[in-house]
Amino acid sequence: MLSALYYLLLVLLCTLFMILSALALVVCYPFDRGRRTVHELSRILVRIFFFLPPFWRQRVIGRELIDRKKSYVIVINHNTVIDIPALYYIPLNFRWVSKREVFKTPFFGQFLLLHGDICIDRGHAAEALEQLVRDGKKWISRGASVAIFPEGTRSKDGEIHRFKAGAFTLAKEAGAEILPVVLDGTKTLIKKNLAFNWGNRITVRVLPPVPAERVAVLETHELMQEVHERMCTALGEVRKRKVKSERYKSEMSQIKVGTTKNYKKSCVELPADFLISHLSP
């Protein structure tokens with residue numbers, strides 16, 4: 001019931017912010033060709049989405065590695081639709097690259113259009129790559145970054161699988177740095193029955209960018225392999241740290257329970273008429 005009410009609230013919020021985004025696009029377009037205002041409205045919507053449930057937690061690691069004045073090709077591992085709002089914790093103005101089918105989805109499709117995101121047809125690989133490079137270079141020239149799921153589809157087992165070349169080709173063509181970002185915990189926010197997990201934890205880890213000079217020097221397949229290995233290693237470290245944290249909390253909880261039990265055992269039940277004076281020699 002609570003999840004159903006929250007879904008209803010999200011529909012109302014999305015409707016409101018869609019109207020605000022449309023107005024912002026019309027009013028700000030002459031002096032905001034990068035659509036930063038529309039992007040900031042999306043960030044506010046995401047913050048509200050994650051803020052209202054009191055036990056949801058989001059942690060961003062490596063935010064200091066980002067230069068807000070630069071445009072990047074951002075590559076992210078993909079598990080679920082929640083990956084999309086989670087990336088808005090990154091302090092950059094960016095455009096998504098998405099398949100054509102998503103643009104037909106209610107709310108998502110309209111937001112993508114207002115946002116200026118890049119639509120590609122995965123059924124025609126050559127044309128899709130050409131459009132990705134053309135539109136990606138356009139947005140990068142306007143000061144925006146481009147966010148891509150390099151796996152091309154969602155991971156069913158939560159691991160990072162083989163990358164496709166699109167993001168790395170764009171980075172080489174645009175002369176941009178590559179910013180790898182690893183997400184963990186997004187897959188568990190919505191359960192299989194579509195109910196929300198009200199105690200969910202999400203980690204966003206930003207890795208050091210690959211400099212534009214290195215992007216230009218390496219072959220595309222070498223670049224893909226290097227970034228893939230770095231992201232897999234980082235994901236493993238995030239999960240290992242998460243397990244240690246949960247184990248520590250469990251151990252502390254057991255210690256508290258054990259201390260309470262020992263304290264109770266150490267207490268001696270005294271008769272009701274016992275007086276402090278009875279302790280005197």
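Counting from 1, the numbers follow the sequence of the chain as shown.
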For this session: Would you mind reporting whether C232 and E229 have side-chain heavy atoms less than 4.5 Å apart?
Result: no

For this session: Evaluate the ring planes of W96 and Y88, with Trp represented by its six-membered ring, and classify them as parallel (under 30°), tilted (30 to 60°) or perpendicular (over 60°).
Result: tilted

Exercise. Are the aromatic rings of F50 and Y89 close, with centres under 6.0 Å apart?
Worked result: yes

Seminar exercise, completed: Minimal heavy-atom distance between I140 and S71, with the atoms involved, is O-OG, 3.7 Å

Exercise. So which pairs with a foot in residues 165-182 pass side-chain hydrogen bond (donor to acceptor under 3.5 Å, both in side chains), sequence neighbours left out?
Worked result: K70-E177

Exercise. Checking side chain to side chain donor-acceptor pair (under 3.5 Å) for the pair S98/D117: CA distance, chi angles, key distance, verdict?
Worked result: CA-CA 7 Å; S98 183; D117 293 319; over 6 Å; no

For this session: Run through H78, H228, E159, R162 and flag the one making a side chain to side chain contact (heavy atoms under 4.5 Å, CB included) with E151.
Result: H78

Exercise. Under 4.0 Å between a Lys/Arg side-chain N and an Asp/Glu carboxylate O for E101 and R122?
Worked result: no

For this session: Identify which one of D184, L183, V238, I61 satisfies the side chain to side chain contact (heavy atoms under 4.5 Å, CB included) criterion when paired with V204.
Result: L183

Problem set entry | Heavy atoms from other residues, nucleotides or ligands near NZ of K138 exceed 12 (cutoff 6.0 Å) | yes

Problem set entry | Donor-acceptor under 3.5 Å (R201 side chain, F55 main chain) | yes

For this session: State, without any angle test, whether Q131 and E127 hold a side-chain donor-acceptor pair at a distance under 3.5 Å.
Result: no

Problem set entry | With E40 via salt bridge (Lys or Arg N to Asp or Glu O under 4.0 Å) - residues at least two apart | R43

Problem set entry | Qualifying residues under side chain to side chain donor-acceptor pair (under 3.5 Å), relative to N193, sequence neighbours excluded | none

For this session: May I ask you to test the C119-L112 pair for a side-chain heavy-atom distance under 4.5 Å?
Result: no

Problem set entry | Over 12 foreign heavy atoms within 6.0 Å of CZ, R214 | no

Exercise. Mind checking whether K191 and F196 have side chains closer than 4.5 Å, heavy atoms only?
Worked result: no

Problem set entry | Y6 and W56 aromatic ring geometry - parallel, tilted or perpendicular at 30°/60° bounds | perpendicular

For this session: State whether a side-chain donor-acceptor pair under 3.5 Å links D83 with T186.
Result: yes

Problem set entry | Stepwise side-chain contact (heavy atoms from CB on, under 4.5 Å) check, L10 with F49 | CA-CA 7 Å; L10 290 177; F49 168 67; 3.4 Å; yes

Problem set entry | N200 side chain to G185 backbone, donor-acceptor under 3.5 Å | yes

Exercise. Can you check whether V206 reaches E64 side chain to side chain, under 4.5 Å on heavy atoms?
Worked result: no

Exercise. Under 3.5 Å, is there a donor-acceptor pair linking the side chains of D157 and S155?
Worked result: yes

